[in-house]
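Okay, so here's the structure we're looking at.
Since we're looking at a predicted model, the values are computed, not measured.
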Amino acid sequence: MFLNQWNKLRHSKVFWPLMAVIALLIFNYFYIPGFFTIEIKNGHLFGTLIDILNRAAPLIIVSIGMTLVIATAGVDISVGAVVAISGAMAAYLIGGTLVVNNGVQEYVSDTPMALAILAALGASVLCGMWNGALVSKIGVQPMVATLILMTVGRGIAQLFSEGQIITVYYKPFSFFGGGYFLGIPFAIFVAAVVGLLVYLLMRKTAMGLFLESVGGNMESSRFTGINSKKIIFWAYVICGLCAGIAGILISSNVKSADGNNAGLWMELDAILAVVIGGTSMNGGRFYLSGTIIGALFLQMLKTTIYSTGVPPESILVVEAIVVIIVSLVQSEKFRSLFILKMGGKRKKGVIQSNEKHAAS
């Protein structure tokens, strides 16, 4: 029974990303003191592992949305800009005005917080609808269509912030990205809920099957009666919504919004997390669990690099080298060539050894 489960896991797409995470954990156990230490302070859990989960939450959410888009053989490089738009809009609407109540000074929200968050999420959904309409209805290439919003969206975010960093003084807003629930950072719960809802939508309804069918072969899917354009459209809408949620978490965590730098290059990390997780850029089958593992691997890798004292100017190079190694190991063709080459060397060594014995 155990052997069958092991063989099933070994041949799954999540096996190699999972092995990469385990390898990092083993490395950190020996080289970073206290990496696995978790303490309780003021009823909250603190530790490196908790920090990794907390910081990875926005990337996990964005990567989940990106998975659906890539499953349609598309890509959304505007998610970083949508993160900036969502965070800037929420911060701009909430802000914080100093008032005096019964002799006590406190900050109140300029706009009801629930309304501000709904407006920010609504804006991110509109961004997703824009991308989806360009790709599915008009037929613009996904890279070009989302490149438009990537450029314009960053400008829209800066319009909200007027080119400045917006500081949010209303304390309840900081709970989403910096608060705790049951002793665990609330952002982790948000990422878990988003992952669960998307999983239920994709695996417990026909949406996931349609998505894989459209990504595998759009024309065949159309002939079987699947509305391919509608499926692609909603994939981009969900991706935009996920980016909006991540934007609120990031803005809440730092209690401010930076339209210029918020979510910068986040689309690249999201694409990388999806690919490391086993989903092909050619579309078709997708693996949400693999995407989550890929996002955790990237965040853990960054934490490891910073903790080991790598010079700042070398961090990106080291990160790229590790990612390349993981990607190569994940490739079945590369593993076959590597094993074949090692087998040839071993065989050649045995032959040479036999020849030496025969000569003696």
Side-chain angles (χ1 to χ4, degrees), residues 56-69 76-96 109-134 146 149-150 152-161 166 168 170 172-179 181 185-202 207 233-259 262-264 266-267 270 288 295:
L59 178 59
I60 289 174
I61 295 172
V62 173
S63 300
I64 287 173
M66 185 70 75
T67 302
L68 306 187
V69 171
D76 187 350
I77 60 174
S78 69
V79 289
V82 177
V83 165
I85 291 174
S86 175
M89 177 174 285
Y92 174 79
L93 292 176
I94 293 174
S109 176
D110 296 336
T111 305
M113 188 170 66
L115 183 61
I117 291 175
L118 287 176
L121 294 180
S124 62
V125 168
L126 287 176
C127 291
M129 294 175 67
W130 167 263
N131 287 332
L134 288 180
T146 55
L149 185 58
M150 178 184 179
V152 176
R154 188 69 61 179
I156 294 174
Q158 292 189 59
L159 285 177
F160 279 109
S161 63
I166 304 175
V168 181
Y170 187 57
F173 179 65
S174 64
F175 175 79
F176 295 99
F181 179 69
F186 186 71
I188 298 176
F189 287 100
V190 176
V193 170
V194 171
L196 178 61
L197 291 178
V198 174
Y199 170 80
L200 293 176
L201 178 64
M202 294 297 120
M207 179 69 176
F233 175 81
W234 282 107
Y236 281 93
V237 171
I238 295 174
C239 185
L241 177 60
C242 288
I245 296 172
I248 291 174
L249 288 182
I250 294 173
S251 177
S252 171
N253 186 40
V254 297
K255 303 176 184 178
S256 63
D258 185 353
L264 192 63
M266 197 172 190
E267 57 273 1
L288 291 174

Do [X] and [Y] touch side chain to side chain, with heavy atoms closer than 4.5 Å?
| X | Y | answer |
| --- | --- | --- |
| Ile61 | Cys242 | yes |
| Asp76 | Met66 | yes |
| Leu93 | Met89 | yes |
| Leu197 | Val193 | yes |
| Leu134 | Leu149 | no |

What closest approach, in Å, do [X] and [Y] show between heavy atoms, and which atom pair accounts for it?
| X | Y | value |
| --- | --- | --- |
| Ala88 | Ala257 | CA-CB, 3.7 Å |
| Val82 | Gly240 | CG1-O, 3.7 Å |
| Met207 | Leu201 | CB-O, 3.6 Å |
| Cys239 | Val69 | CB-CG2, 3.6 Å |

What pairs with [X] under side-chain contact (heavy atoms from CB on, under 4.5 Å), at least two apart in sequence or on another chain?
| X | value |
| --- | --- |
| Leu115 | Thr111, Pro112 |
| Val152 | Ile148, Ile156 |
| Ala262 | Ala84 |
| Leu264 | Arg154, Asn261 |

Donor-acceptor contacts, no H, no angles, side chain residues 117-133, under 3.5 Å, sequence neighbours left out:
| unit_1 | atom_1 | unit_2 | atom_2 | d |
| --- | --- | --- | --- | --- |
| Ser124 | OG | Leu121 | O | 2.6 |
| Asn131 | ND2 | Ser78 | OG | 3.0 |

Return the set of residues passing ring-ring contact (aromatic ring centres under 6.0 Å, His included) with [X] (not counting sequence neighbours), or none when no residue passes.
| X | result |
| --- | --- |
| Phe175 | Phe186 |
| Phe233 | none |
| Tyr170 | none |

Exercise for the section: Go through the steps to decide whether Tyr236 and Thr146 satisfy the test side chain to side chain contact (heavy atoms under 4.5 Å, CB included), and finish with yes or no. Expected result: CA-CA 10 Å; Tyr236 281 93; Thr146 55; 4.0 Å; yes
Practice task
Please check if atom CZ in Phe189 has more than 12 non-hydrogen atoms from other residues, nucleotides or ligands closer than 6.0 Å.
Solution key: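 For Phe189, atom CZ is crowded (more than 12 foreign heavy atoms under 6.0 Å).
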Extract all donor-acceptor atom pairs below 3.5 Å that involve side chains of residues 247-254 and protein atoms in other chains or at least two apart in sequence.
| unit_1 | atom_1 | unit_2 | atom_2 | d |
| --- | --- | --- | --- | --- |
| Ser251 | OG | Ser256 | O | 2.9 |
| Ser252 | OG | Phe173 | O | 2.5 |
| Ser252 | OG | Ser174 | O | 3.3 |
| Ser252 | OG | Phe176 | N | 3.4 |
| Ser252 | OG | Gly177 | N | 2.8 |

